[in-house]
Amino acid sequence: MTRDVRILNTGSLLELSRRLRAAGGENIRQSMHRRIRRAAEPLRDDLQDSIRGLNIRAPGRSGRPGGPSPTTRPLRATIADAIRISVRTGASPGATVWVDKGRLPPDLKRMPAVINEGRIRHPVFGNRRRWVTQWAQPPWWDSTVRRHQPRIEREVARVLDDVRRRLE
């Protein structure tokens, strides 16, 4: 699983960041920061929607309905709420869309990567003597990122061109 998504063009962004610092254009820097964040927001929203709507199924249930969840936290919503955007305009400029493992419970820290692989093996209601394998539609993270990448690259390039024009 791609751990995070980075919107980087280090040469252009570094050069532009230096020029922004030299020009003292705090307003321009804030505008660039806001526009890069806006470029990444549809990706974050789509990642959250795709994990919330992901079909995780168990084979061979014989039509029996499942029981209530043994936990009070819904798995997909917990992971969706942990997806974050980080934008930097300083020494290492760029944007990152990532799963904040600090916002996940300790037992779910690896779950986004496991779900992305498509095979979830776990004990039945915590019973370590009985295990089940469930399947998810892989790869929820990678396919969503690939779908958004060309659009984000175009938008960031447009932002960089606009900022360059304002600095000239």
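Residues meeting the side chain to side chain donor-acceptor pair (under 3.5 Å) test with R165, sequence neighbours left out: D162. Listed by chain and number, the residues in a salt bridge (Lys or Arg N to Asp or Glu O under 4.0 Å) with R151 are E155 (sequence neighbours excluded). Shown here are the side chain to side chain donor-acceptor pair (under 3.5 Å) partners of R121, two or more places apart in sequence or in another chain: T133. When the side chain to side chain donor-acceptor pair (under 3.5 Å) test is applied to H122, the partners found at least two apart in sequence or on another chain are Q134. Partners of A136 according to the side-chain contact (heavy atoms from CB on, under 4.5 Å) rule, which considers only residues two or more places apart in sequence or in another chain, are L54, I56, I115, I120.
Taking both residues in full, the closest heavy atoms of W141 and V97 are given as CZ2-O, 3.7 Å, listed atom of the first, atom of the second, then distance. A pairwise comparison of heavy atoms in T78 and L104 identifies O-CD2, 3.7 Å as the closest pair. In plain terms, the two heavy atoms of G102 and K109 that are nearest each other are CA-NZ, 4.2 Å. Across all non-hydrogen atoms, the minimal contact from A82 to R103 is CB-CB, 4.1 Å. A pairwise comparison of heavy atoms in R88 and A95 identifies NH2-N, 4.2 Å as the closest pair. In plain terms, the two heavy atoms of M32 and V159 that are nearest each other are CG-CG1, 4.0 Å.
Listed by first and then second residue, the side chain to side chain donor-acceptor pair (under 3.5 Å) pairs that reach into residues 42-52 are D46-R147, D46-H148, R52-D81, sequence neighbours excluded.
P139 places a side-chain heavy atom less than 4.5 Å from the side chain of R146.
If you take CG on D142 and CG on N116, they are separated by 4.5 Å, rounding to the nearest 0.5 Å. Atom CH2 of W135 and atom CG of N55 lie 13.5 Å apart (nearest 0.5 Å). Distance check, rounded to the nearest 0.5 Å: CD1 of I85 to CD of E41 gives 5.0 Å.
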Worked verdict on S143 versus Q137 for side chain to side chain contact (heavy atoms under 4.5 Å, CB included): CA-CA 10 Å; S143 60; Q137 303 162 343; over 6 Å; no
Verdict with supporting geometry, I51 and L47, side chain to side chain contact (heavy atoms under 4.5 Å, CB included): CA-CA 6 Å; I51 189 66; L47 283 167; over 6 Å; no
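A distance-only check finds no donor-acceptor pair linking the side chain of D100 to the backbone of R84 [under 3.5 Å].
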